[in-house]
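All heavy atoms count here, side chains included; hydrogens, waters and symmetry mates do not.
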Amino acid sequence: MPIAAVYLCVALLILSACETGFRIGSRHHRTHQDKEAPGSVGPIVGGLLGMLGFVLAFTFSMAANQHDLRKQNVLNEATKIATAYLRMDLIAPEHGSKAKHLLREYVSVRLQAAQKRTDWQSALNRSLEIDDQLWAEVAAAAVAHPTSSTSLAVQGVNEVIDIHERRVVGARYNRIPGSVWVGLMAITLLTMLTIGMQIGLTGKRRLLAITPLSLAFAMLVTLIVDLNRPDGGFITVSQQPMIDLQTMMDRSPE
């Protein structure tokens, strides 16, 4: 779902909760005429707002940490690939040349997937195939010439394979749990429902006051959703380290 549609849906849910609460409070005000009711609901609203603020901060922190981890994984992967690429000069040319070609393709596949120029699953499958082919090349070189130089090449490819798995897990599976989302939305809707009830108990509709608050909460929730979605939205992980690596590879002899 586009992030703008997410914001619209969240804003409508929050405004609906406020309107529902207002109608409940307004009906109670008309039937009971209890002038002290708004004051008695005030502490409840304050407590719910405090709880909502805590849950929003907690959830935002989770999403921001995951976003930072994805950025760090991109930088680490670019560094590991660059190291492995340079170490291919240490093994026999018949293996090193092919390994360099595979690493060039590997970077291209990763960038195409990150920039949505190819299907993610296809890019993942091709990345795994390249990992296997890279390992076969350096393993053959190590068997033919078991030296410290070939050992460095084997280590470089091994690190590329390791960071590949960490990046895939961080990008596709390391998300905010569904139970946290349920709790966040439940507390948000209950808070806005109670605020609407407090307004309804006064007998006066304060649309100008409640709308900006509702839209602000909707924006915060949408921002968390955007941070939690690495494959869409306005907040994306920069691929500049991989782009710089590709440029370096294009300049160097194969």
Side-chain angles (χ1 to χ4, degrees), residues 1-24 45 48-74 109-125 167-197 199-200 205-240 242-243:
M1 182 185 296
I3 200 65
V6 173
Y7 175 72
L8 181 62
C9 290
V10 174
L12 289 176
L13 279 173
I14 291 176
L15 288 170
S16 298
C18 288
E19 180 64 21
T20 301
F22 173 80
R23 292 179 180 275
I24 294 173
V45 172
L48 286 172
L49 284 172
M51 187 184 304
L52 177 59
F54 172 79
V55 175
L56 280 171
F58 173 74
T59 311
F60 182 87
S61 177
M62 290 180 63
N65 288 338
Q66 291 170 6
H67 182 74
D68 290 340
L69 177 62
R70 289 191 289 269
K71 289 195 297 183
Q72 190 61 44
N73 283 342
V74 172
V109 169
R110 305 293 277 177
L111 278 174
Q112 289 175 5
Q115 296 169 351
K116 301 181 183 63
R117 289 182 287 159
T118 187
D119 177 67
W120 178 84
Q121 189 60 51
S122 300
L124 177 60
N125 293 337
R167 188 176 174 190
V168 169
V169 171
R172 307 301 303 185
Y173 307 114
N174 192 14
R175 305 290 185 91
I176 295 174
S179 57
V180 175
W181 285 117
V182 172
L184 173 61
M185 290 309 301
I187 294 174
T188 301
L189 295 178
L190 284 173
T191 301
M192 304 314 294
L193 179 73
T194 309
I195 291 175
M197 288 177 59
I199 295 173
R205 183 184 291 271
R206 292 180 173 85
L207 186 62
L208 291 178
I210 200 63
T211 300
L213 179 65
S214 301
L215 295 179
F217 276 122
M219 180 60 69
L220 282 173
V221 174
T222 305
L223 181 61
I224 296 171
V225 172
D226 202 10
L227 281 171
N228 191 54
R229 291 171 52 181
D231 54 351
F234 297 107
I235 304 175
T236 57
V237 176
S238 173
Q239 300 297 314
Q240 193 59 45
M242 296 291 283
I243 295 173

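Counting heavy atoms from C-beta outward, Leu223 and Ile235 have side chains that approach closer than 4.5 Å. Side-chain contact between Val237 and Asn73 is absent, with no heavy-atom pair separated by less than 4.5 Å. Leu49 is listed as a side-chain neighbour of Phe217, based on a closest heavy-atom distance under 4.5 Å.
Ala218 is linked by a side-chain contact (heavy atoms from CB on, under 4.5 Å) to Tyr7, Val10, Ala11, Ile14, counting only residues two or more places apart in sequence or in another chain. Listed by chain and number, the residues in a salt bridge (Lys or Arg N to Asp or Glu O under 4.0 Å) with Arg70 amount to none (sequence neighbours excluded).
In this structure, Ser214 OG and Leu13 CG are separated by 11.5 Å, a value rounded to the nearest 0.5 Å.
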Please output the side-chain donor-acceptor pairs of residues 54-67 that fall under 3.5 Å, not counting sequence neighbours, one pair per line with the distance.
unit_1: Thr59; atom_1: OG1; unit_2: Val55; atom_2: O; d: 2.7
unit_1: Asn65; atom_1: ND2; unit_2: Ser61; atom_2: O; d: 3.2

Quiz: residues 179-195 side-chain donor-acceptor pairs under 3.5 angstrom, not counting sequence neighbours:
unit_1: Thr188; atom_1: OG1; unit_2: Leu184; atom_2: O; d: 2.7
unit_1: Thr191; atom_1: OG1; unit_2: Ile187; atom_2: O; d: 2.7
unit_1: Thr194; atom_1: OG1; unit_2: Leu190; atom_2: O; d: 2.8

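Among residue pairs with one or both ends in residues 50-69, those qualifying as salt bridge (Lys or Arg N to Asp or Glu O under 4.0 Å) are Asp68-Lys71; sequence neighbours excluded. Every pair tested for salt bridge (Lys or Arg N to Asp or Glu O under 4.0 Å) that includes a residue from residues 177-191 fails, sequence neighbours excluded, so the list is empty.
A distance-only check finds a donor-acceptor pair linking the side chain of Asn125 to the backbone of Gln121 [under 3.5 Å].
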Subject >> Residue pair Ile210, Leu213: steps toward the side-chain contact (heavy atoms from CB on, under 4.5 Å) verdict >> reply: CA-CA 5 Å; Ile210 200 63; Leu213 179 65; 4.1 Å; yes
